[in-house]
Every structure is written in C-alpha cells, then in structure tokens.
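Worksheet: the structure to be examined is printed underneath.
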Amino acid sequence: NLMLMVYVGDFKLSGPKGNLEEGWRLIREHIKCDPPAKVGRCLGCEHRVYEERSAKGTVRCIEYDMPDFLKGCVDNYLKLAKAAPSSLKKVPTPFIEEPSERVIAEDEKPDEPGVLQPIACRVLMKILYAARLARFDLLRAVSALAADVSKWTRLCDRKLHRLVCYVNSSLEYRLIGKVGDDAERLFLDLYADADFAGCRKTARSTSGIFLALRGENTFVPLGASSKRQSCVSHSTPEAEIIAANSALRTEGLPAQHLWEFVFNRQVDIVLQEDNTATLRILHTGKSTALRHLARTHHVNLRWLNEVIGKDGGSAQSCDTPKQAADILTK
C-alpha cells in the first residue's frame, strides 16, 4: 500500500500514515537517505512554505530564496576578474546606457576587444541558473550578454560588471507564489511581449514570455524566458506575433497538457497581449501585411488563431502596466 516516486536526489513517499514509518525503514535497508523532512534547500535554492491570513481566507505561499548562491556568483566574478569588492556599486537595474545615448569619454573605446571574454561564460552561466530558477529579473540582461560572448568588447566588460553590481545590490529579492483557491478554479496565465528592434546592432527584437498559475487569490510563477528573435521584424505587431507564437508553442501548450494531467480536467490557458493590432490579428487569423511570416519566422497565423480559438484557449487585452513579460524584453 505504498507508492514510491523517485526524483533526482529526492524521495517522495505517499500512502497510509500508519505504513509510512515501516516503508521508510525498508527503503533504508537498501538505500542510504536522510530522514524525511519538510521542503527545504534543493539544488542551491531554499524553498520556504508558509501560510498567510488575508481578508479572503488562508493563502499558502512558497518562497524561492537563493541569496547564498547569488553571493557565490558575485564572489566567483570578483575572483575570476581579479576585482575588488569595493568596485561593486549599488545600482537600481542590471543595464547601462548604450553609447549612442550618452557622451563617450575620449579614453573610452567600447568597440575594442574586452578583457573579460575568457571568464564571461563561467560568470554568465552561473548567474543564468539562478535567473531561470528564482530571479526572472536577471534573464534579459544575462541572455543579451550571452549572445555577445563570441564578439566581446570593452562595452560588454562594463555591462557584465554592471550586471554583477545589480546582483550584489538585490540579494534580498525573492520569487514568491501564493495559492488561495481550490484546484477547480485555477487556470494558466500566459504573458507574451516583445521589444521592436531592441538590439541596436542587428535590429532584431526580443521575445519575453512569462507563465503563471492563476486564480482569484492565486498567483504562482511557473516559468519565464527572454530570447532574441531569429530575424528582423518590420513592425511592432510582427514582433509581438512572434513572441505570442513562441509563448504558446514552447511554454503554454506543454504546461496546459501537464496541468490537465495533474488536475484531471480541462485547464484553460489565457494569452495576455498588450498590443491591440496583434490581438486583432490573433482573433482573425490573417493579415495582408504579415503574409511573409511563414517564410521568414516560420510562423503560421492560422495555427495561432486555431490555438486561441479552441475550447480552453483564449487571448485577451492586457494593460501595459500589468504586462508581466515586459521586464523580460527591455
């Protein structure tokens, strides 16, 4: 009467309470493992589960905390770059101004090869792990720098230093999920956004995707991504369409399939879009101005229209201040 589910490095045992102790005893005869404990540190992230009282009842919360790992990222950079801790200033964002937006000092040569290229991958990939797990605000800066590793410049040196400064300035930031509704009332909220021609070198746009499990009193972040698009878009609606396609295909539909299996019911997915023209194209499934998408971006407008028009799928207008994917594109 026991069921054993094995994860990487973890065991989860379920069954009648009276059988659990004997079940663990039998397992320990063959497998060396720690005593059962509440959810805690796993893969460098501290998982804290607690409850909050609100006007609408009790809300269960989970907090993803990685200050020790992020402090290790900072120390790793200081060691590899041979920089002093005093060089890390307190900054509000991980970004610096582009050279075209400010006056360049005479002794500054941003296009010269950077000195931090040999260590860039080692620093960025370590930060990327934390960004994907619990610090979505770092994704845009990390992915943009990772795309420049093969053509690293002095400007990239400054951007990497600024990123580490921001990490060091925001060690107290936490990713928090809250659940205050029954499973029958939950649905998937999918946010898609793009910055039109955001890359000054290539004029390519960046797609931002944010997925959450939602309800009236529920908001649980499930995943996020920030990725530069494969070719140049000619308008904001085109860039937004590409972002919506990536969001549905890579994040939304796989998650919908998973949660329908977990809940054993149909789970609705809502695509949140803050561009009116894009929303109209999604609902009609056609646009004479975007007939080239199938050959350039390999995106089919009819497919998008069918996905959001089927039972359980929809797209709705989202006010720009509430666009959760905006932080992943700019």
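As a basis for the values below, the full set of heavy atoms in this structure was taken, side chains included, without hydrogen atoms, waters or symmetry mates. This structure is a prediction, so every number in the text was calculated from the model and none was measured.
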Atom [atom1] of [X]: over 12 foreign heavy atoms under 6.0 Å:
| X | atom1 | value |
| --- | --- | --- |
| R122 | CZ | no |
| E21 | CD | no |
| Y50 | OH | yes |
| H292 | NE2 | yes |
| R132 | CZ | no |
| K178 | NZ | no |
| R48 | CZ | yes |

Hey, could you give me the [atom1]/[atom2] distance between [X] and [Y], rounded to the nearest 0.5 Å?
| X | Y | atom1 | atom2 | value |
| --- | --- | --- | --- | --- |
| Q323 | N275 | CD | CG | 10.5 Å |
| L133 | L43 | CG | CG | 7.5 Å |
| I119 | K79 | CD1 | NZ | 12.0 Å |
| R140 | S226 | CZ | OG | 5.5 Å |
| R60 | N217 | CZ | CG | 15.0 Å |
| H234 | L293 | NE2 | CG | 10.0 Å |

Considering all heavy atoms of both residues, which atom of [X] and which atom of [Y] are nearest to each other, and what is their separation?
| X | Y | answer |
| --- | --- | --- |
| L160 | L116 | CD2-CD1, 4.1 Å |
| K151 | Q117 | N-NE2, 4.4 Å |
| N305 | T284 | ND2-C, 3.8 Å |
| P237 | I281 | CB-CD1, 4.4 Å |

- Determine, step by step, whether L282 and I241 satisfy the side-chain contact (heavy atoms from CB on, under 4.5 Å) criterion, reporting the C-alpha distance in whole Å, the side-chain angles of both residues, the deciding distance to 0.1 Å, and the verdict. CA-CA 8 Å; L282 290 173; I241 286 288; 3.8 Å; yes

Under 3.5 Å donor-acceptor, [X] side chain and [Y] backbone:
| X | Y | answer |
| --- | --- | --- |
| R291 | T288 | yes |
| H283 | A315 | yes |
| E240 | T236 | no |
| S205 | G198 | no |
| D195 | K330 | no |
| D182 | E184 | no |
| H30 | R28 | no |
| S87 | A84 | yes |
| R174 | E172 | yes |
| S233 | S235 | no |

Close side-chain approach of [X] and [Y], heavy atoms under 4.5 Å:
| X | Y | result |
| --- | --- | --- |
| T276 | S317 | no |
| L213 | W259 | yes |
| P113 | W152 | no |
| N168 | Y77 | no |
| I96 | V91 | no |
| R135 | M66 | no |
| V232 | T202 | no |
| R162 | P94 | no |

Quick one about [Y] and [X] (side-chain donor to acceptor, distance below 3.5 Å, no hydrogens or angles considered), yes or no?
| X | Y | value |
| --- | --- | --- |
| T329 | D193 | yes |
| R185 | T218 | no |
| S207 | Q229 | yes |
| Q316 | Q272 | yes |

Please say yes or no: joined through hydrophobic side-chain contacts below 4.5 Å, possibly via intermediate residues, are [X] and [Y] part of one cluster?
| X | Y | answer |
| --- | --- | --- |
| I327 | F196 | no |
| V149 | L138 | yes |
| F136 | M125 | yes |
| L271 | L328 | no |
| V270 | L248 | no |

- Message: Checking V262 against L258 for the side-chain contact (heavy atoms from CB on, under 4.5 Å) test, could you report, in this order, the C-alpha distance in whole Å, the side-chain angles of both residues, the deciding distance, and whether it holds?
- Response: CA-CA 6 Å; V262 172; L258 170 65; 4.3 Å; yes

- Centroid-to-centroid, Y166 to F95, below 6.0 Å? no

- salt bridge (Lys or Arg N to Asp or Glu O under 4.0 Å) assessment of D65 paired with R41: CA-CA 9 Å; D65 190 5; R41 178 178 291 273; over 6 Å; no

- Message: Let's go through V164 and H161 carefully: what are the C-alpha distance in whole Å and the side-chain angles of both, what is the deciding distance for side-chain contact (heavy atoms from CB on, under 4.5 Å) to 0.1 Å, and is it a yes or a no?
- Response: CA-CA 5 Å; V164 176; H161 185 78; 5.7 Å; no

- Item | Single hit among D268, D189, D181 for salt bridge (charged side-chain N to carboxylate O under 4.0 Å, His left out) with R214 | D189

- Residues L304, I308; criterion side-chain contact (heavy atoms from CB on, under 4.5 Å); working and verdict: CA-CA 6 Å; L304 284 169; I308 66 171; 5.8 Å; no

- Item | Identified side chain to side chain contact (heavy atoms under 4.5 Å, CB included) counterpart of E260 within the set I269, L188, V267 | V267

- Task: Check the pair R228, S143 against side-chain hydrogen bond (donor to acceptor under 3.5 Å, both in side chains), reporting the backbone distance first and the verdict last.
- Result: CA-CA 8 Å; R228 188 176 298 174; S143 62; over 6 Å; no

- Task: Please determine if D75 and K71 form a salt bridge, counting it only when a charged side-chain N lies under 4.0 Å from a carboxylate O.
- Result: yes

- Using 4.0 Å as the upper bound for N to carboxylate O, is an ion pair formed by R25 and E29? yes

- Can N245 and W303 be said to form a side-chain hydrogen bond (donor to acceptor under 3.5 Å, both in side chains), step by step? CA-CA 9 Å; N245 176 78; W303 179 85; over 6 Å; no

- Item | K322 charged N/C atom sitting above Y191 aromatic ring, 6.0 Å / 45° | no

